[in-house]
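Remarks on the structure that follows.
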Amino acid sequence: MKNTLIVGIILSILLVSCNNSKKEKIAETTVKTPSSKSIENPTNKVVLSSEIVFEKLNPARGDQSPQAGTIWGDRNGTEATGFLAKFADGFSSPPHIHNITYRAVVIKGLIHNDDPNAEKMWMPMGSFWTQPTGEAHITAAKGKENIALVEIDNGPYLVKPTDEAVDNGERPINIDASNIIWLNCHSPP
């Protein structure tokens with residue numbers, strides 16, 4: 001219950017700030033910080049959901065592909081990138097690997113991401129996982145709308161066959177939102 005309330009408050013704040021950004025332009029030349037230092041040409045900006053362009057995450061799968069909407073960076077380039085991944089209800093990928101490690105947070109719906117032989121662990125909103133480079137896995141989704149925020153440190157973000165799998169010593173992590181405990185968090189009055 002606390003986690004749902006916290007996530008709800010954070011999303012409300014983000015929605016309010018996104019609506020306010022429609023009315024005001026963000027200065028892109030200089031930003032003042034609390035320490036009175038300036039940042040020349042800041043790289044952060046607010047992106048409205050209506051401005052996110054979705055395209056096929058894995059074009060090789062055609063209409064079976066999940067959708068990806070880049071928020072920052074370029075997942076086909078070499079820089080750090082964040083994108084929203086949308087999965088249709090009932091989606092299940094074939095076993096595959098990626099050429100890079102990524103982190104993801106469930107924004108909406110239920111998502112399973114694990115070893116191809118693992119029992120389904122449906123992670124709800126607020127859950128997160130990491131997927132190491134070269135580790136074979138599947139991704140599945142259930143629910144009317146399934147969205148995850150995916151982050152990579154550098155790209156490109158590629159989907160590859162499991163015969164290219166490697167063990168680099170990293171291990172995947174899947175954490176259900178109910179297993180997250182916020183320290184020093186006080187309940188609202």
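Numbers for residues simply follow the sequence, beginning at 1. This one's a predicted model, so the numbers in the text were calculated from it and none came from an experiment.
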List for me each residue that meets salt bridge (Lys or Arg N to Asp or Glu O under 4.0 Å) alongside R103, sequence neighbours excluded, and say none if there are none. E151, D153
E79: which residues meet the salt bridge (Lys or Arg N to Asp or Glu O under 4.0 Å) condition with it, sequence neighbours left out? none
Is [Y] close to [X] at the side-chain level, that is, under 4.5 Å between some pair of heavy atoms?
X: K108; Y: M125; result: no
X: P172; Y: E135; result: yes
X: N168; Y: T133; result: yes
X: T70; Y: R75; result: yes
X: Q67; Y: K56; result: yes

May I ask you to decide if the ring planes of H137 and H98 are parallel, tilted or perpendicular, using 30° and 60° as cut-offs? tilted
Would you call the rings of F91 and F87 parallel, tilted or perpendicular, taking 30° and 60° as the class edges? tilted
Taking M123 as the fixed residue, which of N174, L110, I175 is the one that meets the side chain to side chain contact (heavy atoms under 4.5 Å, CB included) rule? N174
Starting from [Y], can I reach [X] by hopping between I/L/V/M/F/W/Y residues whose side chains sit under 4.5 Å apart?
X: I147; Y: V47; answer: yes
X: I180; Y: W129; answer: no
X: L84; Y: L57; answer: no

Does I107 form a side-chain contact (heavy atoms from CB on, under 4.5 Å) with L149? I'd like the steps, not just the answer. CA-CA 7 Å; I107 302 298; L149 169 65; 4.1 Å; yes
Measure the spacing between [atom1] of [X] and [atom2] of [Y] and express it to the nearest 0.5 Å.
X: N117; Y: I138; atom1: CG; atom2: CD1; answer: 9.0 Å
X: D74; Y: T81; atom1: CG; atom2: OG1; answer: 6.0 Å
X: E164; Y: N99; atom1: CD; atom2: CG; answer: 9.5 Å

Intermediate values then yes/no, side-chain contact (heavy atoms from CB on, under 4.5 Å), T130 and R171: CA-CA 8 Å; T130 63; R171 295 293 171 250; over 6 Å; no
Tell me if a side-chain donor or acceptor on [X] pairs with a main-chain N or O of [Y] at a distance below 3.5 Å.
X: D89; Y: G143; result: yes
X: E51; Y: L48; result: yes
X: N146; Y: G109; result: no
X: S127; Y: V106; result: no
X: H112; Y: K120; result: no
X: S65; Y: N58; result: yes

Do T101 and E170 get their side chains close enough for a donor-acceptor pair, meaning under 3.5 Å? yes
Here the pair of heavy atoms bringing P95 nearest to P116 is CB-CG, 3.8 Å
Begin with the C-alpha distance, continue with both residues' side-chain angles, and end with the deciding distance and a verdict on side-chain contact (heavy atoms from CB on, under 4.5 Å) for I71 and F83. CA-CA 5 Å; I71 302 172; F83 61 93; 5.5 Å; no
Checking one residue: I97. Which other hydrophobic residues are in its cluster under the side-chain 4.5 Å linking rule? none
As a quick check of understanding, evaluate side-chain contact (heavy atoms from CB on, under 4.5 Å) for I100 and N154, giving each step before the final call. CA-CA 8 Å; I100 48 90; N154 53 45; 3.9 Å; yes
